[in-house]
Protein chains: 2
Amino acid sequence: MATEQQVMAHFEATCRSHGLKLTHQRLEIYRALLQSAEHPSAESLHKQLETRLPTLSPDTVYRTLATFEQLGLVKRVETMSSQARFEAVIDQHHHFFCDQCGRLIDFHWHLFDTMGLPESLQGIGKIRDKNVVVHGVCEQCLTSKKNES
Amino acid sequence: MATEQQVMAHFEATCRSHGLKLTHQRLEIYRALLQSAEHPSAESLHKQLETRLPTLSPDTVYRTLATFEQLGLVKRVETMSSQARFEAVIDQHHHFFCDQCGRLIDFHWHLFDTMGLPESLQGIGKIRDKNVVVHGVCEQCLTSKKNES
DNA sequence: TAGTAATTAAGAATAAATCTTAACTAAAAA
DNA sequence: TTTTTAGTTAAGATTTATTCTTAATTACTA
Ligand SMILES: [Mn+2]
Ligand SMILES: [Mn+2]
Ligand SMILES: [Zn+2]
Ligand SMILES: [Zn+2]
């Protein structure tokens, strides 16, 4: 398990090796994403960082996330919500998506990760990775629903 | 395996039981989605149907798809593309997504479907369904790349 | 067939994301 | 350190996907 210092060092190395400058904005955006478990949208990241970087523009957040995505530092999580949501790439994991509140929760599934793919995928193309998305209603939504009665 | 007539009968019954009128537009949109394997966007569905229904508005396509989604007749496929993509709900299956051209290809995986979920999901909430998304480059994109050299 | 409530088309409005441009800044060069 | 310069930024305009508003039309009911 990598320490935050190691992850930040890898981040810096990746930026430098691609000729990207280590701007304050890039560092803060990446750090915020690293420390968040919420898979934030560009907008919510911007809102969060606004206090520390009062001049930060939404455009910079969008652009920076797209750059990080290309470098493989950040992943865009696929949801059917209109806003894209992001996470720092750390390890192989999967997502539980709450259809009620939109909360995204990570989970691990080693058995799945090490399992082979089905025959039905033969000849379909070159496979990069496989992920599970579980849909449902999260514990918090279930609890708050109960309390309404 | 249901015939198209049976599927259309179920569609009509579902609409009626929810007090929805069987408009020409609804029938055509549903039929087009049933017959397509491409997981079309609202826009491409509209383009396709425009010849048969020259006055069909994009809004009607969007609205109708949203209605069908609520009835469980149609599913929104989660991709990270900006446009939402849809499919008629027929059977349990999974998706291969080509990161190059955006093509979505269905595949079946019975072993996965019948497999239990990992412990790591315990207490996370109420689970509705689980799906696999495989990313990669489709056969056609691989072939056309080869031919470029 | 007439009545009526639901549905539609058209175009305006909104929301998310991207583009343009001029000013700025970090890192390399001197 | 200072200069240079390529890369980055903010601000606001623009684009793209989707949703809303409203008046007209349509499908079902009796
Ligand atoms: Mn995650
Ligand atoms: Mn499908
Ligand atoms: Zn929830
Ligand atoms: Zn492809």
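Naming: A, B, ... by sequence-line order, numbering from 1 per chain.
- An OP1 or OP2 oxygen of dT19(D) is reached within less than 4.0 angstrom by no side-chain nitrogen or oxygen of Y62(B).
- Of the candidates dG12(D), dA5(C), dT8(D), the closest approach to any side-chain atom of T23(A) belongs to dT8(D).
- For R26(A), the side-chain atoms get nearest to dT9(D) when compared with the rest of dA27(C), dT9(D), dA9(C).
- Q25(B) has no side-chain polar atom (N or O) that falls below the 4.0 Å cut-off from OP1 or OP2 of dT26(D).
- A side-chain donor-acceptor contact under 3.5 Å links D106(B) and H39(B).
- At a threshold of 4.0 angstrom between heavy atoms, the contacts of R63(B) include nucleobase atoms, whether or not backbone atoms are also involved.
- Of the candidate nucleotides dT18(D), dT7(C), dA9(C), dA9(C) has the atom lying nearest to any side-chain atom of S57(B).
- Whole-Å rounding puts the E28(A) CD to dT9(D) P distance at 13 Å.
- When the side-chain nitrogen and oxygen atoms of R16(B) are compared with OP1 and OP2 of dC28(D), one or more of them lie within a distance under 4.0 Å.
- Residue-level contact check: A66(A) touches neither bases nor backbone, having no heavy atom under 4.0 Å from any strand.
- Taking 4.5 Å as the limit, every side-chain heavy atom of V74(B) sits out of range of all side-chain heavy atoms of E87(B).
- Taking the ring centre of F86(B) as origin, the terminal cationic atom of K75(B) falls outside the region bounded by 6.0 Å and 45° from the ring axis.
- When heavy atoms are screened at a 4.0 angstrom cut-off, A42(A) is found touching no nucleic acid atom at all.
- A donor atom on one side chain and an acceptor atom on the other are found under 3.5 Å apart for S44(B) and S41(B).
- Nearest nucleotide to the side chain of D59(B), out of dA10(D), dA10(C), dA6(D): dA10(C).
- Here Q83(B) does not reach the OP1 or OP2 of dT16(D): none of its side-chain N or O atoms lies under 4.0 Å away.
- Nearest to the side chain of T64(B), among dT8(C), dG7(D), dT26(D), sits dT8(C).
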